[in-house]
Amino acid sequence: MSDLEPRNFLQPCLLLLLRECPDHGYELAARLRTMHDVDGDAGGVYRALRGLERHGLVRSQWQASDVGPARRTYSITREGIASLDARAQDLAHVHEALHVFLDRYARVRRCEELNGSGVSADARRVGGRSGGNGVRAADPSRATGR
């Protein structure tokens, strides 16, 4: 799951943007802001693009511009598409796990609100050996020394 941590989410976002259409680094950084919190770090975007290019997931070429200097245009490779597909599948699994977690969390919070306590009724029954007073029943094997 470490590959899918927010700090590593930049690469699949860039691959997706490039799968949509090839683009220049500056425009990619602008398009990225709607998907990923880059804090205006265009340098991080360019570093990520160079890393993707080193791994063969992206290629770039210089294009002359009618206005200003030539600019590097980035595009996704077949390997990049395969990597994006794999990352999207991994993200779908994480998405499912997060939904299970958030649904359970919401249920616990609702129970706590209904019970008017900071602990849900289910949480008080954890272990199933409590007599309702929060003290666990003694382990019978300890009493006999076995």
Side-chain angles (χ1 to χ4, degrees), residues 1-61 63 65 68 71-146:
M1 197 159 145
S2 65
D3 285 345
L4 302 174
E5 291 177 4
R7 68 173 184 244
N8 297 325
F9 190 54
L10 177 60
Q11 292 87 359
C13 288
L14 287 169
L15 290 172
L16 177 57
L17 292 173
L18 290 171
R19 191 167 184 179
E20 291 172 350
C21 68
D23 216 339
H24 306 286
Y26 182 79
E27 285 83 2
L28 285 166
R31 290 172 52 208
L32 187 64
R33 285 187 189 99
T34 62
M35 300 174 63
H36 189 282
D37 182 23
V38 292
D39 297 329
D41 181 21
V45 170
Y46 283 103
R47 283 188 297 278
L49 287 166
R50 283 193 300 275
L52 291 169
E53 192 168 21
R54 259 193 318 277
H55 288 97
L57 305 177
V58 165
R59 70 174 159 262
S60 67
Q61 61 186 28
Q63 282 190 331
S65 174
R71 296 190 297 176
R72 190 179 290 260
T73 300
Y74 295 89
S75 57
I76 192 168
T77 63
R78 288 179 198 248
E79 293 83 5
I81 291 171
S83 177
L84 175 61
D85 290 346
R87 295 258 183 112
Q89 190 172 20
D90 292 341
L91 285 168
H93 292 303
V94 170
H95 184 267
E96 291 172 21
L98 288 173
H99 274 284
V100 168
F101 172 86
L102 291 171
D103 288 346
R104 288 182 74 163
Y105 177 78
R107 259 195 322 273
V108 167
R109 294 290 296 153
R110 279 193 302 273
C111 285
E112 290 172 353
E113 290 170 6
L114 290 173
N115 292 330
S117 70
V119 179
S120 71
D122 289 341
R124 288 192 295 265
R125 288 193 305 267
V126 171
R129 291 187 288 242
S130 171
N133 59 4
V135 178
R136 288 181 176 228
D139 182 354
S141 63
R142 286 186 169 186
T144 60
R146 289 183 232 171

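- Paired with R72 under the rule side-chain contact (heavy atoms from CB on, under 4.5 Å), one option of Q61, E53, Q63 passes, and it is E53.
- Taking every heavy atom of both residues into account, T77 and G56 meet most closely at OG1-O, 2.6 Å.
- Remark: side-chain polar atoms of S75 are not paired, donor with acceptor, to backbone N or O of P22 under 3.5 angstrom.
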Could you go step by step and tell me if D90 and V94 meet the side-chain contact (heavy atoms from CB on, under 4.5 Å) rule?
-> CA-CA 6 Å; D90 292 341; V94 170; 5.7 Å; no

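- Scanning both residues, C13 and L32, for their nearest heavy atoms gives CB-CD1, 3.5 Å.
- The shortest non-hydrogen separation linking L84 to P12 is CD1-O, 3.7 Å.
- Rounded to the nearest 0.5 angstrom, Y74 OH and R59 CZ are separated by 13.5 Å.
- No more than 12 heavy-atom neighbours from other residues, nucleotides or ligands sit within 6.0 angstrom of CD on Q89.
- Side-chain contact check for L49 versus L18: some heavy-atom pair is nearer than 4.5 Å.
- For the ring-ring contact (aromatic ring centres under 6.0 Å, His included) test, residues two or more places apart in sequence or in another chain that qualify with H95 are H99.
- Shown here are the side chain to side chain contact (heavy atoms under 4.5 Å, CB included) partners of R50, two or more places apart in sequence or in another chain: Y46, R47, R54.
- Interatomic distance, CG of D23 versus CZ of R71, reported as 8.0 Å (0.5 Å rounding).
- Taking every heavy atom of both residues into account, G25 and V45 meet most closely at O-CG1, 4.2 Å.
- Residues R31 and C21 are in side-chain contact: their nearest non-hydrogen atoms beyond the backbone lie under 4.5 Å apart.
- Checking L15, L16, L17, L57 one by one against I76, the side-chain contact (heavy atoms from CB on, under 4.5 Å) holds for a single residue, L15.
- Looking at E112 and R109, a side-chain N of the basic residue comes within less than 4.0 Å of a carboxylate O on the acidic one, giving a salt bridge.
- A distance of 6.0 Å separates CG in L52 from CD in Q11, rounded to the nearest 0.5 Å.
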